[in-house]
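First comes the structure, then the notes that go with it.
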Amino acid sequence: MGGVLVLNATYEPLSVVPARRAVVLVLEQKAILEAATDRVFRSERLSVKEPSVVRLCRYVRVPPTHRRNLSRRALFVRDDHTCQYCGAMADSIDHVLPRSRGGEHVWENVVAACRRCNMLKRDRLLVDTSMTLRRPPAPPRPSVWFRAAVGRTPDSWIPYLEMSEKRSAS
């Protein structure tokens, strides 16, 4: 039993809940089953497919987007576990503008880095090295939070997360 993606009535991702909670939402007719796994929940009189994605029947008003706190896990998901300097597998984080030089611990200043690149850069500015960033650091897209919540994104979630990304880009 894994996490289940919960969509608002408008198909925007809201949260990830345990599979048992999603089954209860469907049985109470508060949500509609959008995608299911191969597994089944069984009781004495009932068999229900395990949900993978459910959509709420009623619209839930979501407060305006607030700035999410920086977390190591979400940072690695945002940067695809890839060093933003050389493209190798990342295992540490680096402050583009080092904290010793006034850099802040914010999304726009932190990238995933391999140990080698992190040691090469040390507390220097990028202009003082021969290193370049593959892409500028920025706050993560909304789908990063859902991928960070479960580790690996189930295939059944991808169309819904992509749909949400397209809407937020417009």
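For this chain, numbers begin at 1 and follow the sequence in order.
Within the structure, side chain to side chain donor-acceptor pair (under 3.5 Å) contacts touching residues 84-93 (residues at least two apart or in different chains) are Tyr85-Asp94, Ser92-Asn118. Applying the salt bridge (Lys or Arg N to Asp or Glu O under 4.0 Å) test to pairs two or more places apart or on separate chains, those with a residue in residues 80-89 are Asp80-Arg147.
Within a 6.0 Å sphere centred on CZ of Arg116, other residues, nucleotides and ligands contribute 12 heavy atoms or fewer. For Asp128, the CG atom sits in a packed shell: over 12 heavy atoms of surrounding residues, nucleotides or ligands are nearer than 6.0 Å. Within 6.0 Å of the CZ atom in Arg72, the count of heavy atoms belonging to other residues, nucleotides or ligands exceeds 12.
Using a 4.5 Å heavy-atom cutoff, the side chains of Thr129 and Leu120 are not in contact. For the pair Lys121/Leu126, a side-chain contact is recorded, criterion being any heavy-atom separation below 4.5 Å from C-beta on. Side-chain contact check for Arg78 versus Leu70: every heavy-atom pair is 4.5 Å or farther apart. Between Val48 and Leu33, the closest side-chain pair of non-hydrogen atoms is not below 4.5 Å. Residues Leu27 and Phe41 form no side-chain contact, since every pair of their non-hydrogen atoms from C-beta on lies 4.5 Å or further apart.
Contact between Pro139 and Glu108 at its shortest, heavy atoms only, is CG-OE2, 3.3 Å. When all heavy atoms are compared, the tightest approach of Pro51 to Thr37 is O-CG2, 4.3 Å. When every heavy atom of His95 is checked against every heavy atom of Glu104, the shortest pair comes out as CD2-O, 3.6 Å. Of all the heavy atoms in Cys83 and Ala113, the pair that sits closest is SG-CA, 3.7 Å. Summarising the geometry of Pro137 relative to Val96, their closest heavy-atom pair is CG-CG2, 4.1 Å, with the distance given to 0.1 Å. Considering all non-hydrogen atoms of both residues, Ala112 and Asp79 come closest at N-OD2, 2.9 Å.
Arg101 contributes no side-chain N or O that, together with a main-chain N or O of Arg124, makes up a donor-acceptor pair within less than 3.5 Å. Between the side chain of Lys30 and the backbone N or O of Val24, no donor-acceptor pair lies under 3.5 Å.
If you chain together hydrophobic residues whose side chains sit under 4.5 Å apart, Val110 and Trp107 fall into the same group. No chain of hydrophobic side-chain contacts below 4.5 Å, direct or via other Ile, Leu, Val, Met, Phe, Trp or Tyr residues, connects Val111 to Phe76. Hydrophobic clustering, with ILVMFWY side chains joined whenever heavy atoms are under 4.5 angstrom apart, keeps Leu7 apart from Ile32.
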Return all side-chain donor-acceptor pairs below 3.5 angstrom for residues 53-61, not counting sequence neighbours, or 'none' if the list is empty.
| from | atom 1 | to | atom 2 | distance (Å) |
| --- | --- | --- | --- | --- |
| Arg55 | NE | Tyr11 | OH | 3.2 |
| Arg55 | NE | Glu34 | OE2 | 2.9 |
| Arg55 | NH2 | Glu34 | OE2 | 3.4 |

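Residues passing the side-chain contact (heavy atoms from CB on, under 4.5 Å) test with Ser47 are Val40, Arg42, sequence neighbours excluded. By the side-chain contact (heavy atoms from CB on, under 4.5 Å) test, Ser100 is found to be paired with Pro98, Asp123, residues two or more places apart in sequence or in another chain being considered. Under the side-chain contact (heavy atoms from CB on, under 4.5 Å) criterion, Val127 pairs with Leu125, not counting sequence neighbours.
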